[in-house]
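Count residues from 1 along the sequence.
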Amino acid sequence: MSGAVTLLRPATANPATRPELTDALRASVATKSAAALEFLRAAAAEFGSAGELTFANSFGAEDMVLTDLILREALPIEIFSLDTGRLPAETYTLIGEVEQRYGAKLKIFFPDATAVETHVRTHGINAFYDSVELRKACCGVRKMEPLRRALAGKKAWITGLRAAQSVTRTGLPQREFDAGNGLEKLNPLSDWSEAEVWAYIRIHEVPYNALHDQFYPSIGCAPCTRAIALGEDVRAGRWWWEDPASKECGLHVRKG
């Protein structure tokens with residue numbers, strides 16, 4: 001029928017989390033894993049081994065690759081995470097699995113309780129749906145302020161960002177200066193594909209968030225994250241009611 005609209009339909013299983021482990025994909029993952037490990041070791045040597053270098057772990061698939069590299073190789077890199085108070089139950093389950101699997105206690109930062117109470121009492125429990133300004137204000141209280149504390153006194157921080165994740169991350173370099181926080185920002189997986197990330201997880205049997213199998217490629221706070229349909233952008237489920245060209249929480253806004 002002319003002019004018909006093709007609807008995106010969910011599949012019975014998420015193929016993205018189980019890529020075919022071809023010889024070419026295995027070789028690519030091996031090459032990029034070695035490069036990422038060398039990158040992390042060089043960063044530790046440059047920025048020191050006494051806590052000056054830290055990794056911001058949000059427990060997404062990419063972050064689990066870096067978590068495995070850092071902890072399996074016992075690299076002198078601190079790992080921290082932000083608990084906004086509104087994370088999915090599956091994320092907390094994964095935190096426990098990581099600590100048990102690697103025998104490590106992660107550094108968790110929480111938002112200031114008084115600031116959260118004031119924000120909610122003033123604007124409402126789910127005000128982030130009302131406007132971009134209120135959503136960013138919520139992120140500011142629950143993410144940005146704890147991040148500033150987490151990065152205080154650091155020389156550099158590591159993220160699991162990939163250039164292919166969204167239009168706001170196109171051209172992402174492996175290293176850049178984070179002017180907002182006044183320190184170096186390192187993105188070791190910037191040139192990895194989604195298939196390479198998941199191949200690494202499967203090859204090394206790395207624990208991951210169960211929501212990924214339910215079509216959640218990008219996971220943040222529960223109210224601001226939804227599953228996507230096949231064919232949608234991997235970041236389509238984050239703040240889905242906003243313009244894709246500008247939807248970031250503020251943690252990774254790049255100056256252009």
Measure the spacing between [atom1] of [X] and [atom2] of [Y] and express it to the nearest 0.5 Å.
{"X": "R175", "Y": "L186", "atom1": "CZ", "atom2": "CG", "result": "6.0 Å"}
{"X": "S58", "Y": "L82", "atom1": "OG", "atom2": "CG", "result": "8.5 Å"}
{"X": "I108", "Y": "D83", "atom1": "CD1", "atom2": "CG", "result": "7.0 Å"}
{"X": "L71", "Y": "E99", "atom1": "CG", "atom2": "CD", "result": "10.5 Å"}
{"X": "I219", "Y": "C224", "atom1": "CD1", "atom2": "SG", "result": "13.5 Å"}
{"X": "T225", "Y": "I228", "atom1": "OG1", "atom2": "CD1", "result": "12.0 Å"}

Are V132 and Y129 connected in a single hydrophobic cluster, I mean Ile/Leu/Val/Met/Phe/Trp/Tyr linked by side-chain heavy atoms less than 4.5 Å apart?
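Y129 and V132: separate clusters.
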In this structure, would L53 and L183 fall into the same cluster of hydrophobic residues linked by side-chain contacts under 4.5 Å?
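Cluster IDs for L53 and L183 differ.
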Residue that, paired with T67, satisfies side chain to side chain contact (heavy atoms under 4.5 Å, CB included) out of L94, L106, V98
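Answer after filtering L94, L106, V98: V98.
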Heavy-atom donor-acceptor pair, [X] side chain to [Y] backbone, under 3.5 Å:
{"X": "E73", "Y": "I70", "result": "no"}
{"X": "T122", "Y": "T118", "result": "yes"}
{"X": "E196", "Y": "S193", "result": "yes"}
{"X": "R135", "Y": "F128", "result": "no"}
{"X": "K143", "Y": "T84", "result": "no"}
{"X": "K32", "Y": "D191", "result": "yes"}
{"X": "Q174", "Y": "P188", "result": "yes"}

Indicate whether the side chain of [X] and that of [Y] have a donor and an acceptor atom separated by less than 3.5 Å.
{"X": "N181", "Y": "W157", "value": "no"}
{"X": "R26", "Y": "Y200", "value": "no"}
{"X": "Y216", "Y": "N14", "value": "no"}
{"X": "N57", "Y": "S81", "value": "no"}

Can you pull out every ring-ring contact (aromatic ring centres under 6.0 Å, His included) where at least one residue sits in residues 83-121? Sequence neighbours excluded, please.
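Non-adjacent pairs meeting ring-ring contact (aromatic ring centres under 6.0 Å, His included): F80-F109, H119-H123.
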Going by ring-ring contact (aromatic ring centres under 6.0 Å, His included), name the pairs with one or both residues in residues 15-61, residues two or more places apart or in two chains.
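For residues 15-61, and leaving out neighbouring residues, there are no ring-ring contact (aromatic ring centres under 6.0 Å, His included) pairs at all.
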What closest approach, in Å, do P111 and V141 show between heavy atoms, and which atom pair accounts for it?
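Where P111 meets V141 most closely, the heavy atoms are CB-O, 3.5 Å.
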Begin with the C-alpha distance, continue with both residues' side-chain angles, and end with the deciding distance and a verdict on side chain to side chain contact (heavy atoms under 4.5 Å, CB included) for N209 and E90.
CA-CA 6 Å; N209 196 314; E90 291 84 354; 3.2 Å; yes
Please determine whether side chain to side chain contact (heavy atoms under 4.5 Å, CB included) holds for the pair S28 and W192, giving the CA-CA distance in whole Å, both sets of side-chain angles, and the decisive distance to 0.1 Å.
CA-CA 9 Å; S28 176; W192 284 48; over 6 Å; no
Within 45° cone and under 6.0 Å: R18 NZ/CZ vs W198 ring
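Verdict for W198: no cation-pi partner in R18.
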Would one find more than 12 heavy atoms of other residues, nucleotides or ligands at under 6.0 Å from atom CD of E38?
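It does not: E38 CD has 12 such atoms or fewer within range.
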